[in-house]
Structures are given as structure tokens and as C-alpha cells.
Amino acid sequence: MSSKKQLHLTAFMRPVSLHTGAWRYPGSYPDANFNLKHLMSFIQALEAAKFDAFFMADHLAVLNMPVEALKRSHTVTSFEPFTLLSALSQVTSRIGLAATASTTYDEPYHIARRFASLDHLSDGRAAWNIVTTGNPESSKNFGLDEHVQHSERYKRAREFYDVVTGLWDSFADDAFVRDAETGVYVDPEKIHTLNHKGDDLKVKGPLNIARPVQGWPVIVQAGQSEPGRQLAAETAEAVFCSPKDIDAGQALYADIKGRAKAAGRNPEHIKILPAAMILVADTVEEAQQKRLKLDSLVHYDSAISSLSISLGTDASKFDPDGSLPSEDELPATNASHTSRASVIALAKSEGLTVRQLAGRYGGYAGLAFVGTAESIADEMERWLDADAADGFTVTFPFLPEGLEAVTQKLVPELQRRGVFRTEYEGSTLREHLGLPRPVNRFFENAEHAQNGELKTVTNGNVKSANNAKRKLKSEGSIQESRRSSRRRV
């Protein structure tokens with residue numbers, strides 16, 4: 001292993017490209033987002049390139065956009081993440097499988113079961129991306145007329161995390177004895193009933209699935225608002241984020257890792273992975289021409305709709321050739337605060353008109369590395385050495401060409417420099433990311449501690465473990481909870 005700091009690379013794959021024009025690019029697969037054979041080939045290529053994980057986002061509603069924009073969007077149809085990742089787990093053996101699941105419009109028991117199942121099906125490669133759901137239209141698919149308020153979504157998410165991880169700890173790792181001679185399948189002394197009663201959630205447990213291979217699937221968090229950063233600091237092991245440049249990346253990196261340390265966690269056990277669209281070509285000029293061609297394929301109807309989604313308000317009513325209204329003049333929104341703030345900051349910093357902003361957001365407005373394998377590797381190393389990132393969540397400009405360029409040109413250059421693995425050194429996603437396996441908070445067997453550091457619930461210290469236990473609000477002490485679970489099972 002190289003003595004240099006090592007990059008982590010995950011691939012953002014739902015939709016397969018975040019760029020609105022991706023499906024129209026010459027040579028691209030128009031149905032790449034909803035074609036199992038294509039997706040199988042993508043993940044196998046990423047595994048051959050030794051990527052850490054294949055990351056599936058999720059939407060619980062068709063994106064809220066006018067029909068003229070909707071008809072041009074490749075996000076209208078895509079697979080449900082768990083179903084797809086379960087299938088892909090059987091044609092891969094090392095690459096991690098990360099799925100988004102909402103804490104606002106689902107129940108902890110459902111989430112705990114699904115991720116525990118995926119972790120077992122994949123032999124320890126699952127990750128849960130915790131989201132609170134920013135799209136207001138989602139509420140209408142779950143019996144509500146109005147979207148749950150931003151602050152309430154994050155409050156529920158924090159409790160939700162405690163319950164899900166508590167359910168994953170329902171069984172000791174050695175609970176299933178399966179002794180055919182005595183007829184004992186499971187040791188009742190090694191089953192814990194959670195009996196959680198909190199402000200938003202009430203869950204008895206235990207989970208009806210054995211403890212995940214990784215102890216817990218890796219926890220990913222994507223929010224960048226104030227409550228999102230705090231949730232990440234307290235819970236996340238990988239952070240999917242979108243700083244606009246290296247300075248913003250450094251600030252976010254320091255903020256979240258500093259908060260994690262203050263929460264009693266080891267900052268090394270939280271990986272900051274900014275999203276970056278990577279467009280690789282043989283020359284910088286060729287890469288830039290490809291980007292211009294890609295951007296030219298975005299229709300204005302799609303562009304203004306994308307801007308509206310990012311702002312959380314209908315941008316089509318603004319003067320296309322005028323400036324964006326000030327923050328105080330914009331209508332209030334209950335959608336993503338982070339996206340809205342990014343639009344306002346970009347409009348102000350570059351003096352863009354509404355039309356120009358729409359053009360940027362209609363394609364891809366986030367961080368992008370466009371150039372040769374060498375120039376992009378230089379930039380990635382700069383971020384790594386500057387403590388602006390521990391790696392990147394790679395988004396592809398178009399597929400398959402864009403993915404092939406990354407895996408066949410950029411990855412070999414990173415490997416040549418000694419900053420990215422040439423072989424997987426472990427089999428689980430936790431091992432890929434250098435993360436310890438959490439000890440079961442209810443059955444802290446010595447065999448599960450690694451390097452004497454894992455006497456924790458959140459990979460921090462004993463104090464934080466005790467705090468997490470209190471937050472679970474289980475009835476009585478841990479010992480009484482164990483006795484109670486034995487009586488109830």
C-alpha cells in the first residue's frame with residue numbers, strides 16, 4: 001500500500017447521469033437508467049476499476065416539473081434501489097452497494113429489514129444514505145397534503161437513526177447456534193427487544209433478521225443545511241456533498257469533522273466525498289468541446305424547470321433576461337434549503353441572469369472536473385492534500401463513454417500515482433472505506449472490538465456510546481432491557 005493518502009471513489013448511478021442532456025449525447029444509451037443489462041455492465045466495469053461503491057439515489061415522486069420539461073427528462077422512470085441492488089449484488093463480489101432511503105416517508109422497521117437483508121445478500125457491502133426527502137410532491141404519495149416541515153424532518157431523522165441501528169443490534173453475532181442435536185436454533189439470551197418509545201417513533205422489536213455482516217451497513221448522509229451537517233457529524237460514516245470549489249470543500253470538511261470530534265467520534269471514521277462530474281478526454285480542449293456539446297442538448301423547458309426545483313419555487317415567472325430576485329424577495333420554500341442557497345450564491349457571485357442560471361442548472365451546475373486524466377488527477381490530489389475531500393462521488397456526463405473514460409483513463413492514472421488502490425484489500429464496504437465494525441451495544445463481546453477502539457455505538461468513545469443508549473429511550477437499564485427481551489421472545 002502506498003504511503004500517500006488514498007482516494008475513495010463512489011459512483012453516483014441513479015439517475016445514471018445527473019446531466020439532463022446525457023441520454024441525448026451521441027453514442028449514449030437512451031434507456032441506460034432503466035435497462036438491467038446496461039446497469040450490470042456499468043457496475044461490473046466499476047468493480048473492475050476497484051471503485052468503493054455504486055450509489056443509488058431515490059425519488060418518492062415524479063419530479064415536480066411542467067409537462068414540457070417532464071417529457072424531456074430521463075429521471076421519469078428508474079428502478080427502485082433495493083430491488084436493483086439486490087439483483088446487482090449477485091453479479092458482483094466486492095463493490096459496495098449504497099441506497100437512499102427516506103426517514104420521512106418510511107418506517108424504521110422497514111428500513112432496518114431491507115438494509116440488513118441487502119447486507120447479508122451481498123456479504124457485507126450495503127450502505128444506507130439517510131435522507132429526509134426534499135421534494136414536496138412526495139408527501140402526496142403518502143397520504144399527506146403538505147410536506148413535513150424541514151426542522152421536523154431532521155428531528156425525526158435523528159430518532160429514526162437511533163431506532164434503525166438499535167434494531168440492527170437485536171441479535172448477538174453468535175445468537176444463531178443451529179444445534180440440530182439439541183434442537184436449539186437460537187439462543188434466547190442473545191436476543192434484545194428494543195421497546196423504543198420516543199417523540200416521533202414507537203417500535204418494539206426485535207428485528208426478525210440476523211445482525212448484518214458489517215454489524216451495521218455503512219451510514220451515508222447527504223444534507224448540507226445546518227441540521228444536515230449536525231446529523232452527519234453525529235451519525236454518518238460517509239458524506240455525499242456538493243461544495244462548489246476547493247475553498248468551500250475545505251470549509252465543509254473542517255466543519256463536519258470538527259462537529260464529529262465534538263460529538264465524541266473519531267473524525268477519521270467519517271469520509272467526505274463531494275459529488276463531481278468527471279469528463280475525461282485526450283486533451284483539455286477536446287474535453288471542453290464535449291462539455292459544450294453536452295450542454296447544448298438541454299432544452300430551455302428542462303432548464304427553467306431544473307432551476308425551479310433547485311429554488312423550490314416557479315422560476316418561469318421571473319424575467320428570463322433579468323436578475324434573480326433577492327433572497328428576501330423569493331417566496332418561502334419547504335424544499336431543500338441547501339439547493340436554494342447554492343442558486344442564490346451562484347447568481348450573486350457570477351452575476352448571472354435567470355436564463356443563464358437556468359442553462360447552468362438545466363444541465364449540471366455542480367462541481368465538474370473537465371480535462372485529461374492527468375489534469376483531473378492533479379485536481380483530485382489537490383483536494384485530497386488540502387483536506388477538502390477524502391475522495392469523490394463521481395457522476396458521469398454520459399454513458400457508456402463517460403464511464404469508460406473514467407475507468408480506463410483516469411483510474412489507471414490515479415493508480416500510477418499511488419493514490420488509489422490497484423486491488424481490493426477486503427471484502428466489505430467498511431473495509432474499503434477503512435471503517436471499524438460497530439460493536440453491538442447490547443452484546444459487547446470482546447471479539448467484536450478492533451484495536452481497542454470500538455467500545456462504542458458510533459465509533460467514538462464510551463461516553464458517546466452511553467449517550468446513544470440514552471437516546472434510544474429503551475425502557476429501564478440495558479440489563480433490565482435484556483431481561484425484558486428474554487421474557488417477551
Side-chain angles (χ1 to χ4, degrees), residues 12 14 18 55-64 75 80-82 98-112 114-115 127-167 196 198-203 216-242 252 255-256 259-260 263 270 272-273 275 309-313 332-343 393 458 468 471:
F12 188 95
R14 184 181 188 271
L18 288 175
F55 177 28
M56 297 291 293
D58 196 18
H59 301 291
L60 298 178
V62 172
L63 292 181
N64 184 21
T75 66
E80 188 281 318
F82 282 96
T100 292
S102 174
T103 58
T104 303
Y105 298 113
D106 213 327
E107 293 297 327
Y109 203 85
H110 287 157
I111 299 302
R114 290 172 193 152
F115 279 100
W128 171 30
N129 178 38
I130 300 176
V131 299
T132 63
T133 302
N135 183 3
E137 287 299 297
S138 300
S139 63
K140 298 177 177 62
N141 291 330
F142 295 90
L144 300 177
D145 294 326
E146 298 292 335
H147 196 26
V148 179
Q149 289 298 312
H150 188 269
S151 59
E152 288 300 310
R153 298 201 304 269
Y154 274 95
K155 175 175 172 289
R156 174 183 166 92
R158 187 62 183 84
E159 184 180 348
F160 200 107
Y161 162 87
D162 286 338
V163 175
V164 168
T165 53
L167 288 170
H196 175 88
D199 294 339
D200 295 296
L201 302 166
K202 182 178 179 181
V203 181
W216 302 350
V218 173
I219 303 296
V220 184
Q221 212 279 327
Q224 287 181 232
S225 64
E226 173 63 26
R229 291 181 185 217
Q230 190 60 33
L231 180 65
E234 294 178 9
T235 68
E237 295 167 301
V239 178
F240 169 55
C241 51
S242 53
L252 182 67
D255 182 46
I256 292 179
R259 292 176 191 237
I270 181 168
I272 310 299
L273 305 173
I309 292 171
S310 296
L311 276 174
T313 191
T333 180
N334 193 29
S336 171
H337 290 192
T338 301
S339 295
R340 182 187 181 96
S342 296
V343 176
T393 301
T458 56
K471 286 177 182 175

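These numbers were taken from a predicted model, which means no experiment stands behind them.
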Handout entry: Closest non-hydrogen atom pair, Val164 against Pro108
Key = CG2-O, 3.7 Å
Practice task
Working to the nearest 0.5 Å, report the span between CD1 of Ile219 and CD1 of Ile270.
Solution key: 11.5 Å
Exercise for the section: Taking the side chain as every heavy atom from C-beta outward, state whether Pro81 and Thr100 have any atom pair closer than 4.5 Å. Expected result: no
Exercise for the section: Can you sort out the partners of Glu107 under side chain to side chain donor-acceptor pair (under 3.5 Å), two or more places apart, ordered by chain and number? Expected result: none
Practice task
Check whether any side-chain heavy atom of Gln230 lies under 4.5 Å from a side-chain heavy atom of Arg158, and answer yes or no.
Solution key: no
Fill in the blank from the handout: Output for pair (Glu159 CD, Lys202 NZ), nearest 0.5 Å, gives 12.5 Å
Completion exercise
Between Ala101 and Phe115 the two heavy atoms that sit nearest each other are CB-CE1, 3.8 Å
Practice task
Output the distance between atom CZ (Arg340) and atom OG1 (Thr313), rounded to the nearest 0.5 Å.
Solution key: 6.5 Å
Completion exercise
What one should report as the nearest heavy-atom pair of Leu201 and His196 is O-CD2, 3.3 Å
Problem - Atom pair OG/CZ of Ser102 and Arg156 - distance to nearest 0.5 Å - result: 8.0 Å
Problem - Nearest heavy atoms of Ala233 and Arg259, plus distance in Å - result: CB-CB, 3.3 Å
Exercise for the section: Measure up the Trp128 and Phe160 rings against each other and bin them: parallel (under 30°), tilted (30 to 60°), perpendicular (over 60°). Expected result: tilted
Handout entry: Smallest separation among heavy atoms of Tyr154 and Gly228, with atom names
Key = CE2-CA, 3.4 Å
Exercise for the section: Please identify each residue that fulfils side-chain contact (heavy atoms from CB on, under 4.5 Å) with Ala98, with sequence neighbours left out. Expected result: Phe55, Ala127
Handout entry: Interatomic spacing from CG in Leu252 to CD in Gln224 - rounded to 0.5 Å
Key = 5.0 Å
Fill in the blank from the handout: Between the CD atom in Glu152 and the CG atom in Asp199, the distance rounded to the nearest 0.5 Å is 9.5 Å
Handout entry: Contacts of Ala157 that satisfy side-chain contact (heavy atoms from CB on, under 4.5 Å) - sequence neighbours left out
Key = Thr103, Thr132, Leu231
Problem - Expected output: side-chain Gln221 to main-chain Thr235 donor-acceptor under 3.5 Å - result: no
Practice task
Would you check if Asp106 and Arg114 make a side-chain contact, meaning some heavy-atom pair closer than 4.5 Å?
Solution key: yes
